[in-house]
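Have a look at the structure below, then the notes.
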Amino acid sequence: MHIVLLSSCLFAGGLAHAANDLPGGGIDPQALDRHVQVLASEAFEGRAPASAGEQRTVDYLIEQFSAAGLQPGGEDGRWVQEVPLVRVSTRQTPTARLHLGHGVRELVNGQDITLQSLQPQDQITLDQAPLVFIGYGIDAPERGWDDYKQQDLRGKIAIVLINDADFHAEQPGAFDGRAVTYYGRWTYKYEEAARRGAAGVLIVHDTAAAAYPWATVRASGTSPLFDIQRPPAEAMAAHTPLRGWIEPGVARELFAAAGQDLDQLSRQAMQADFVPVALAGVALSAELALLHEPVRSRNVVARLDGGSHAGEAVVFSAHWDSYGIGQPDAQGRTVRPGAVDNATGVAAVLELARVFAAGPQPQRSLYFVAFTAEEKGLLGASYFAAHPPVPLAQVAAVLNIEMFSPDGATADIASWGRGRVSLEQDLAGVASARGRYYSPDPDLEAGFFYRADHFAFARLGVPAITIGAGLDALDGGLERGRARRQAYFANCYHQACDGWTPDWNAAGLAADTLLVYDLGLRLANSRDWPQWQGGSEFAAARHASNDQRAN
């Protein structure tokens with residue numbers, strides 16, 4: 001308790017000082033609160049891409065950036081960067097049946113299973129497709145791991161586990177212990193199954209290993225899918241005809257019908273010598289009628305021109321999209337307003353833009369970007385990274401913001417995942433200067449490093465982090481902070497209760513935004529180039545960029 005109280009005193013002094021030493025009157029908690037209230041209001045309809053809510057969101061962001069005195073940073077002198085997408089929705093509820101030998105088990109979409117497809121076909125029909133258990137569905141030669149063992153998956157559905165083989169293991173093995181790698185992400189499972197030519201892939205849900213409950217899977221799994229527009233042949237190759245999740249109780253039932261024990265096979269899958277298991281006597285039939293609509297969503301991009309090094313850039317970002325309108329919850333609410341995720345991040349970017357614009361000209365140019373379609377697979381950020389306003393070799397860093405807390409201030413600040421990048425130490429430095437401290441991500445098993453927009457840049461070598469709220473609450477310490485975090489992810493993440501309320505405490509929003517400002521200010525006026533550190537899988541790409549910049 002003494003440490004928490006001491007941190008509280010130092011933090012309070014740093015925040016009071018911040019109100020006097022920043023341009024534009026400093027970071028304004030009321031402005032942050034107001035932005036969240038607007039963005040998460042019913043009128044914005046949950047901010048789904050390619051909806052009326054998108055138009056209201058884009059209009060609001062442009063209005064705020066313009067009022068702050070920034071310049072348009074998008075294409076052709078505009079505020080937006082067009083992101084060509086295809087929206088894929090089902091024309092009626094998908095149907096699915098398990099053939100279990102002794103009979104047929106009808107599956108309810110959203111309750112027993114979630115079924116989707118991104119293949120460019122109007123109809124997906126699978127008739128008694130065989131099922132094969134592929135363990136964790138990972139092929140990682142650099143780790144001596146191959147779950148597929150040359151299994152032919154053509155015409156078959158792969159059943160895979162979420163996360164990777166170390167998550168439930170007693171001791172760390174080939175992976176990073178409970179710190180999930182990209183191989184543990186659902187996106188990777190789908191990508192690898194497509195490379196193998198599978199007819200489908202179903203992920204067995206596990207709340208602990210996925211880091212969210214079945215309600216979250218249902219919310220996202222019954223919503224329209226989005227993909228960046230690509231040629232039909234490329235889209236066919238990139239996606240399996242069928243993909244989705246299966247509820248664990250249903251999975252156990254189908255394994256038992258095949259004479260197998262899911263828990264026993266899951267333990268075997270933790271070993272590198274695991275061999276795929278055909279689920280004999282069990283098959284799946286499914287029908288999906290699909291509607292493909294080419295749509296254009298938009299990243300909103302504002303620019304503050306630099307001075308002596310205007311050709312170099314620092315990017316501040318957050319995603320503006322949420323999940324739009326969905327099925328009614330227990331209270332009958334259909335709008336999923338995305339207040340914490342991620343109106344808080346967008347509010348921070350707007351306030352950072354205002355304060356930077358009110359101050360002296362930075363040496364490097366600054367870009368303030370609100371990305372679309374993060375919830376659809378980091379699509380807006382990926383498109384921006386592929387079509388940047390300046391070469392990626394000239395981008396010093398990307399500071400992305402996700403899920404600042406409405407529950408008041410904390411003694412610490414955190415970043416998502418273990419990035420092995422110097423920006424983490426830089427964030428610790430600015431936190432210390434304000435009487436706070438940096439907390440490494442306590443939930444490495446959730447794989448957050450791979451679940452936020454900064455990853456679209458990191459995988460291309462650009463030093464990037466996502467900054468999020470700490471857990472050491474000034475009004476209750478770590479215990480209370482962890483309890484709040486767990487309650488949010490268990491009850492409101494991607495759901496209708498993620499809304500703004502009058503009792504929000506914006507002090508934490510302001511304090512965390514202040515630290516992003518401090519870090520951004522250093523980067524904006526520095527000749528330093530943040531770097532990936534030892535063990536980073538992204539260092540090689542950045543080294544190539546360094547060579548390009550040197551030449």
Side-chain angles (χ1 to χ4, degrees), residues 48-51 54 74-76 78 80-91 94 114-126 129 137 139 148 152-158 182 185-203 220-221 223-244 286-299 301 319 321 369 371-389 391-392 450 453 455-462 541:
S51 70
E54 165 164 352
E75 300 160 331
D76 302 321
R78 303 167 62 207
V80 299
Q81 179 187 52
E82 301 284 344
V83 181
L85 301 174
V86 58
R87 176 173 56 202
V88 184
S89 53
T90 53
R91 287 187 276 124
T114 65
L115 296 178
Q116 300 173 318
S117 179
L118 276 172
Q119 277 205 342
Q121 302 186 66
D122 295 333
Q123 181 77 29
I124 302 294
T125 301
L126 297 180
D139 181 15
Y148 286 88
D152 184 0
L153 286 176
R154 288 173 295 181
K156 302 173 185 176
I157 295 175
Y182 189 58
R185 294 286 295 129
W186 59 267
T187 49
Y188 169 80
K189 315 288 185 181
Y190 292 157
E191 292 164 4
E192 189 60 40
R195 285 190 283 267
R196 302 283 173 158
V201 55
L202 292 175
I203 300 172
S220 57
S223 299
L225 291 176
F226 288 77
D227 193 16
I228 294 173
Q229 288 185 20
R230 59 182 95 199
E234 182 182 331
M236 289 289 288
H239 305 294
T240 55
L242 187 75
R243 72 183 217 184
E287 295 84 32
L288 288 83
L290 302 175
L291 176 64
H292 296 80
E293 302 170 278
V295 298
R296 286 197 173 259
S297 191
R298 288 157 291 178
N299 294 326
V301 187
H319 72 89
D321 66 304
V369 190
F371 292 124
T372 184
E374 188 267 0
E375 302 292 6
K376 308 303 181 183
L378 317 184
L379 298 182
S382 296
Y383 191 84
F384 185 91
H387 305 85
L392 292 184
Y450 310 98
D453 280 325
F455 181 62
F457 298 89
R459 68 193 308 174
L460 298 178
V462 180

Query - Nearest heavy atoms of Leu392 and Leu460, plus distance in Å - result: CD1-CD1, 3.7 Å
Report task. Please report the closest heavy-atom contact between Thr240 and Ala193, naming both atoms and the distance. Result -> CG2-C, 3.8 Å
**Report entry** Within-4.5 Å side-chain heavy-atom neighbours: Glu293 and Val88
**Finding:** no
Query raised in the report: Under 4.5 Å between any side-chain heavy atoms of Ser297 and Phe226, yes or no?
Result: no
Query raised in the report: Has the side chain of Lys189 got a donor or acceptor atom that lies under 3.5 Å from a matching backbone atom of Arg185?
Result: no
**Report entry** Sub-4.5 Å side-chain heavy-atom contact between Asp453 and Val369
**Finding:** no
Query - Test item: Ser223 and Lys376 side chains (from C-beta on) under 4.5 Å apart, heavy atoms - result: yes
Report task. Kindly compute the distance separating OG1 (Thr90) from CG (Leu225), expressed to the nearest 0.5 Å. Result -> 9.0 Å
Query raised in the report: So do the side chains of Gln81 and Arg298 get within less than 4.5 Å of each other, counting heavy atoms only?
Result: no
**Report entry** Considering all heavy atoms, the nearest Ser220-Gln116 contact
**Finding:** O-NE2, 3.3 Å
Report task. For the pair Asp139 and Arg195, evaluate salt bridge (Lys or Arg N to Asp or Glu O under 4.0 Å) and give the outcome as yes or no after the intermediate values. Result -> CA-CA 11 Å; Asp139 181 15; Arg195 285 190 283 267; over 6 Å; no
Query raised in the report: Do Phe384 and Pro389 come within less than 4.5 Å of each other through their side chains, counting heavy atoms only?
Result: yes
**Report entry** Lys/Arg N to Asp/Glu carboxylate O, Asp76 vs Arg78, below 4.0 Å
**Finding:** no
Query raised in the report: Looking at side-chain heavy atoms only, is the closest gap between Met236 and Gln121 below 4.5 Å?
Result: yes
Report task. Could you pull out the closest heavy-atom pair between Ala456 and Arg459, with the gap in Å? Result -> O-CG, 3.6 Å
Query raised in the report: Between Ser117 and Leu242, does a side chain to side chain contact (heavy atoms under 4.5 Å, CB included) hold up when you go through it step by step?
Result: CA-CA 5 Å; Ser117 179; Leu242 187 75; 5.7 Å; no
Query - Verdict with reasoning, Tyr148 to Glu192, per side chain to side chain contact (heavy atoms under 4.5 Å, CB included) - result: CA-CA 10 Å; Tyr148 286 88; Glu192 189 60 40; 3.6 Å; yes
Query raised in the report: If only atom types and distance count, is the side chain of His292 paired as donor or acceptor with the main-chain N or O of Gln119 below 3.5 Å?
Result: yes
Query raised in the report: What are the two closest non-hydrogen atoms of Asp321 and Thr372, and how far apart are they?
Result: OD1-C, 3.8 Å
Query raised in the report: Is the shortest distance from a Lys or Arg side-chain nitrogen in Arg87 or Asp227 to a carboxylate oxygen in the other one below 4.0 Å?
Result: no
**Report entry** Glu54 side chain vs Ala50 backbone, donor-acceptor pair below 3.5 Å
**Finding:** yes
Requested in this report: Would you confirm whether Asn299, through its side chain, and Gly380, through its main-chain N or O, come within 3.5 Å as a donor-acceptor pair?
Outcome: yes
Query raised in the report: Considering all heavy atoms of both residues, which atom of Gln229 and which atom of Leu85 are nearest to each other, and what is their separation?
Result: NE2-O, 2.8 Å
Query raised in the report: Should the pair Tyr182 and Phe455 be assigned to parallel (<30°), tilted (30 to 60°) or perpendicular (>60°) ring geometry?
Result: tilted
Report summary line: Those residues at least two apart in sequence (or on a different chain) that pass salt bridge (charged side-chain N to carboxylate O under 4.0 Å, His left out) with Glu375 are none
Query raised in the report: So, Arg91 side chain and Leu290 main chain: donor-acceptor pair closer than 3.5 Å or not?
Result: yes
Query raised in the report: Do Leu126 and Ile157 come close enough that some side-chain heavy atom pair is under 4.5 Å?
Result: yes
Query raised in the report: About how many Å separate NE2 of His239 and CD of Glu234, when rounded to the nearest 0.5 Å?
Result: 8.5 Å
Query - side chain to side chain contact (heavy atoms under 4.5 Å, CB included) between Leu202 and Leu115, worked out - result: CA-CA 9 Å; Leu202 292 175; Leu115 296 178; 4.0 Å; yes
